[in-house]
Trainee: 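Okay, here's the structure, questions in a sec.
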Amino acid sequence: MNLEIILNTLESSGQSGRAITTEESIVLYNSLLILQNENHFRKIYFWGKIFGSDKDYFVAYGYVNDALLGRIYYYSRDCINWGLLPLPKDEAKLLTPLCTTMFQGDPALVIDILIEKGEIALGKVVKEHKVRKLKEEDRLSATIYYLNQEAVLVPRGALFKRPDGVTIENRTFEGLSELESREIKTFLHYRNPTQKWNTNLLTRDDYNYALDFLDPADMDIPEGCFMHHLVAGNTIVLIKPMYWPGMIFFHYIQTNRYGFVYFGNGKKCLDVPFLLLPNL
Amino acid sequence: MIYDYIQNREDHPDDVTDVAPNYEQEFVNAKSFLQRTSTVTGDNMYDHLTDCLNKILAERPENVIDFFEEYSRKVKERRYYPLTDHLEDIYVPPGRFAFANKIMPFLKPLAPGEPSTVDPDDLEIADMSKNNMLQLLYYFEQTGVGLPRNDMFYLTLSMRKLIHSKPISKIRFWGVIYGIFKNYIILEAELKEEEYIKRNEKLLQDEILPPPPITDETALQKSGEEIEKALEELKHQQDIGGEDRTTKYPRQLPPEPPNLFEEPPEAPSEPSGVGINKKVYFCCNEIGDDWIELPDITPKHIRIARQIYKSFSGFLDREVLTYPEFPGLEKDYLRAQIARISAGTDISPLGFYTFSPGGEGEGEEEEEEEAEEGGDQQKTTYSENPKYDPPPLKDLLDMSVSFWVHHTLYILPQGRTSWWNPNPLPEQGEEMDEEMGEGEEEKEKPIGPEPETGPPLLTPCSEDATLEAVPAWSIRCSSKIAEEYAIAIVRSNLWPGGYTFTTQGKLWQNIYLGFGLKYLEHNFSPTPLPPVQQDYPIGPEIMEIMDPTGAQEEEWRIAHLPKPPPIKIMGGEELGEEEEDEDEDEDDDDDDE
């Protein structure tokens with residue numbers, strides 16, 4: 001969510017019951033502007049808040065050139081002092097899904113992860129009990145990586161791929177129409193596309209080389225794993241992925257305002273098959 | 001060449017400039033080429049470029065070259081709008097129109113009631129002074145939760161309307177449960193005690209006079225018994241006939257296995273106004289809809305709700321398809337989850353409520369009596385402490401959470417707040433079901449008919465057990481800068497979405513905004529199916545035995561060859577039979593012996 005929205009989150013993420021507190025929003029607005037200036041970011045965004053049992057993490061990102069691949073993440077525990085979030089390590093990416101505890105709020109904390117005998121972890125069957133260590137900072141980084149991979153969406157047309165391969169924000173984006181916003185396939189994953197370029201292009205009849213380069217959200221398994229609502233008298237579209245409760249995506253229909261924010265404990269919900277309901 | 005060129009120049013002395021010879025002609029050519037209309041769309045390049053440049057120059061966007069394609073596409077699209085939009089003249093109401101229509105009745109001042117002679121104080125209309133949602137929103141926003149400002153305002157109005165139409169003595173905004181298709185906005189209310197008495201009387205009457213469907217069932221049962229009797233007679237006759245027959249086919253079947261399963265006695269539900277049914281909940285999907293009262297629930301609802309993990313659809317009359325089977329519709333499930341969430345997350349600052357009879361409500365005595373009838377000494381009522389002195393912020397922010405107390409009764413594993421003795425039968429079966437149920441607080445489960453106990457009312461939250469290293473509560477302060485205005489925030493970790501705040505004054509409030517599901521440390525694993533039961537007692541008839549080989553049969557025959565010669569003919573007969581079946585031989589052999 002960009003800085004203009006931060007100051008009044010009740011209208012956007014409040015549709016799902018969460019908001020940035022009054023004081024935090026004011027502090028964030030200013031401290032993020034300073035962070036943007038220090039790093040010469042073209043734009044800076046608030047990413048979300050991960051609840052820890054003792055302290056919470058605030059996460060922000062900005063980019064200099066490329067809005068897709070050039071995102072740089074910062075995190076903070078007091079909204080004022082920002083630290084660079086390390087890139088997710090392969091080891092952390094493998095261990096994070098095995099963590100069942102809550103975040104504590106101390107980035108230096110080392111968590112022991114017990115991998116039991118016979119469990120299939122790290123891609124193969126484990127022969128004997130193992131204890132692996134994971135620093136909470138790395139876990140945070142891997143969690144954010146997974147959230148970005150699986151849960152973050154953008155409306156189609158909001159990002160524009162220039163012929164030189166750099167992704168920028170589309171200034172001519174005028175918002176989705178109400179009909180479009182009722183379809184989950186007009187929302188794209190904000191991640192490096194995993195499908196081949198022509199696969200994504202041909203999912204639509206009215207394809208556009210510069211807009212349809214991201215993976216559409218309707219390819220996700222199982223069907224219906226996004227809660228999709230039109231709220232406030234059909235003026236805002238709200239999408240909540242069931243795999244990551246707490247992630248809120250919103251888009252004001254027919255305006256260029258859109259964004260996402262995460263308020264949650266940073267744990268993936270693997271019980272989606274029990275929660276899915278067939279449409280009536 | 002140069003010479004030629006000069007020569008040429010000299011040939012045309014008037015053409016002094018460096019312009020191409022036929023520039024006008026070329027210009028006309030180029031322009032006519034650009035103006036050539038497309039055979040498909042009837043468009044031409046010239047007009048399009050003019051439009052694009054016009055738009056760009058008018059709007060002057062930044063870095064326009066990067067989006068030129070997009071611009072050009074948009075200009076083109078716009079040109080076609082009027083052609084395709086044949087419904088242009090038809091007025092389409094804006095999306096919010098329906099909503100505005102729905103909310104308008106609330107935005108008018110309440111119609112003045114009929115002038116009555118009753119004193120306004122005796123009308124007993126619920127106190128709304130604590131329900132100014134905009135005031136609460138101010139604090140909720142500092143807590144980090146909240147609904148949009150409009151919604152909060154409409155909510156106040158709609159609550160105000162509700163208390164005039166229903167016999168409500170206390171009301172408060174409970175929260176929102178977000179569903180897959182629709183959400184539930186929930187109000188918590190206490191009814192006037194006459195209403196509770198009326199309801200319980202009606203319930204009693206219903207119990208005394210069983211409703212007609214049950215009589216139908218008994219009739220069915222009777223006819224079933226008749227059929228069974230007739231069948232048995234038939235069977236008996238067959239048996240008699242069987243004696244006359246020489247062969248034993250068809251063999252007599254073993255008796256049908258009886259169903260030995262006895263349903264464990266079901267704990268009776270608590271009457272309206274007591275225990276889990278102490279409060280009444282109203283819900284609606286969207287603000288402006290009518291408030292629908294949720295039904296009272298039984299202990300079984302609570303017990304099953306603890307074993308399942310299911311999201312809400314947003315339709316109250318939808319079936320909840322789960323294993324173990326949920327005895328009711330989604331509204332019962334919703335009500336059960338609300339009861340569980342309330343029992344888990346309703347907390348208040350220490351000292352706000354006391355057990356001393358400070359309040360003047362007559363209902364409290366009544367409730368107490370009813371509790372005593374239930375054979376329970378547990379205190380179930382409390383009242384507001386008139387001398388409440390708010391604890392200092394530092395204590396409220398203490399990580400041990402000992403300055404916060406639960407003010408809703410703990411729900412026992414049985415599904416009631418007061419224990420019901422299922423004597424004389426010990427509740428073995430029930431105990432099995434409750435494996436998952438102890439979620440609220442990890443308590444030692446009593447064995448047998450030993451009464452289940454939970455923490456009494458107004459127990460500090462510090463007593464709450466942690467769920468696998470997850471502390472039950474997280475405490476935050478709303479401000480690090482302006483401490484004199486800061487509020488204390490308590491967030492439930494077991495029920496994500498449960499929040500409580502208190503100001504440094506006397507104002508505090510609980511709210512729940514979430515999916516209505518409890519926090520699970522590990523993945524949910526559904527209750528396994530019970531083991532398959534044995535139909536028949538184990539015996540030779542139903543056991544699988546290897547068929548004897550030919551050699552074995554021969555051996556057996558030789559071993560059993562009759563010794564005395566006079567019965568030799570019998571032996572021959574036996575031999576014939578033996579080939580038919582082994583079992584029979586055995587029987588015959590027994591007979592012989």
Side-chain angles (χ1 to χ4, degrees), chain A residues 9-12 14-25 27 49 51-56 78 100-102 157 160 162-163 168 170-174 178 208-211 224 227 229-235 240 242 245-246 253 263-265 267 269-271 274-277 279-280, chain B residues 61-63 66-67 69-71 73-74 94-100 137 140-150 175-176 178 180-183 308-311 313 315 318 399 468-471 474 476 478-482 491 493 496-497 513-515 517 519-524 526:
Chain A
T9 44
L10 273 185
E11 303 302 321
S12 50
Q15 299 285 358
S16 186
R18 296 285 178 277
I20 307 176
T21 72
T22 325
E23 188 181 290
E24 278 164 17
S25 68
V27 175
K49 191 172 165 183
F51 298 139
S53 56
D54 292 344
K55 283 212 159 185
D56 302 336
D78 54 4
T100 55
T101 54
M102 270 184 81
F160 187 93
R162 283 202 319 230
I168 50 171
N170 185 358
R171 282 168 206 274
T172 61
F173 179 58
E174 287 173 349
E178 192 188 320
N208 184 325
Y209 285 88
L211 304 182
M227 297 186 202
H229 295 246
L230 261 83
V231 291
N234 295 354
T235 54
K240 292 175 270 183
M242 283 162 108
I253 291 171
F263 292 104
N265 52 19
K267 278 183 65 179
C269 172
L270 292 173
D271 305 321
F274 298 107
L275 303 178
L276 281 177
L277 290 171
N279 208 337
L280 282 177
Chain B
E62 204 185 324
N63 295 345
D66 296 343
F67 311 99
E69 306 93 294
E70 246 332 78
Y71 251 93
R73 193 176 63 79
K74 289 229 158 125
R96 276 199 86 115
F97 168 73
F99 182 68
L137 181 66
F140 284 145
E141 201 182 348
Q142 296 191 31
T143 312
V145 292
L147 302 180
R149 207 171 297 275
N150 297 344
V176 181
Y178 295 98
I180 303 247
F181 305 113
K182 288 175 178 179
N183 307 328
I308 60 178
Y309 201 70
K310 194 87 185 149
S311 56
S313 68
F315 299 97
R318 199 176 158 122
M399 289 304 259
E468 300 199 34
V470 176
S474 284
R476 296 285 182 275
S478 76
S479 175
K480 288 165 200 126
I481 313 158
R491 186 171 69 207
N493 288 333
L513 297 164
F515 295 103
L517 297 171
Y519 174 79
L520 292 179
E521 182 78 5
H522 303 282
N523 306 341
F524 171 69

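Chain A is the first sequence line, chain B the second, and so forth, proteins listed ahead of strands; every chain is numbered from 1.
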Trainee: Look at B:Arg476, B:Arg73, B:Lys480 and state which one has the largest set of heavy-atom pairs under 4.5 Å with chain A.
Mentor: B:Arg476
Trainee: What part of A:Lys267 lies closer than 4.5 angstrom to a heavy atom of chain B: side chain, backbone, both or neither?
Mentor: side chain
Trainee: If you count heavy-atom pairs under 4.5 Å with chain A, which of B:Ser474, B:Gly144, B:Ala482, B:Ser478 comes out on top?
Mentor: B:Gly144
Trainee: Are A:Phe274 and B:Tyr309 near enough that their ring centres are under 6.0 Å apart?
Mentor: no
Trainee: If you count heavy-atom pairs within less than 4.5 Å of chain A, which of B:Asn493, B:Val176, B:Ile180 leads?
Mentor: B:Ile180
Trainee: Between CZ of B:Arg318 and OG of B:Ser313, what distance do you get to the nearest 0.5 Å?
Mentor: 4.5 Å
Trainee: Does the pair B:Lys310/A:Asp271 count as a salt bridge with the N-to-O cut at 4.0 Å?
Mentor: no
Trainee: Check each atom of B:Ile481 against the heavy atoms of chain A and say whether the ones under 4.5 Å are side chain, backbone, both or neither.
Mentor: both
Trainee: Is any side-chain heavy atom of A:Gln15 closer than 4.5 Å to a side-chain heavy atom of A:Leu10?
Mentor: no
Trainee: What part of A:Thr235 lies closer than 4.5 angstrom to a heavy atom of chain B: side chain, backbone, both or neither?
Mentor: side chain
Trainee: Is A:Ile168 in contact with chain B via its backbone, its side chain, both, or neither, using a 4.5 Å heavy-atom distance?
Mentor: side chain
Trainee: Heavy atoms only, distances under 4.5 angstrom: which of A:Ser25, A:Cys269, A:Gly246, A:Ala232 has the most pairs with chain B? Name it, please.
Mentor: A:Ala232
Trainee: Within the structure provided, determine whether B:Arg149 and B:Glu141 are in side-chain contact (heavy-atom separation under 4.5 Å).
Mentor: yes
Trainee: Side chains of A:Lys240 and B:Tyr178: donor-acceptor distance under 3.5 Å anywhere?
Mentor: no
Trainee: For chain B, which candidate among A:Thr9, A:Asn170, A:Ile20 shows the most heavy-atom pairs at distances under 4.5 Å?
Mentor: A:Asn170
Trainee: I want to check something: taking the side chain as every heavy atom from C-beta on, are B:Gln142 and A:Glu23 in contact at a cut-off of under 4.5 Å?
Mentor: no
Trainee: Do A:Asp78 and A:Glu24 have side-chain heavy atoms sitting under 4.5 Å apart?
Mentor: no
Trainee: Report yes if some heavy atom in the side chain of A:Met227 is under 4.5 Å from a heavy atom in the side chain of A:Leu275; otherwise report no.
Mentor: no
Trainee: Report which part of A:Val27 has an atom under 4.5 Å of a heavy atom belonging to chain B: side chain, backbone, both, or neither.
Mentor: side chain
Trainee: If we define contacts as heavy-atom pairs under 4.5 Å, which of A:Gly224, A:Gly264, A:Ser12, A:Ser16 has the most with chain B?
Mentor: A:Ser16
Trainee: Are side-chain heavy atoms of A:Thr21 and B:Thr143 found at a separation under 4.5 Å?
Mentor: no
Trainee: Answer with side chain, backbone, both or neither: which region of A:Arg18 has an atom nearer than 4.5 Å to a non-hydrogen atom of chain B?
Mentor: both
Trainee: Can you tell me which portion of B:Lys74 sits under 4.5 Å from chain A's heavy atoms? Options are side chain, backbone, both or neither.
Mentor: side chain
Trainee: Given heavy-atom pairs under 4.5 angstrom as the criterion, report whether the side chain, backbone, both or neither of B:Lys182 touches chain A.
Mentor: backbone
Trainee: With chain B, which of A:Leu230, A:Asn208, A:Asn234 has the greatest number of heavy-atom pairs at distances under 4.5 Å?
Mentor: A:Asn208
Trainee: Can you tell which part of A:Phe51 gets under 4.5 Å to a heavy atom of chain B, answering side chain, backbone, both or neither?
Mentor: both
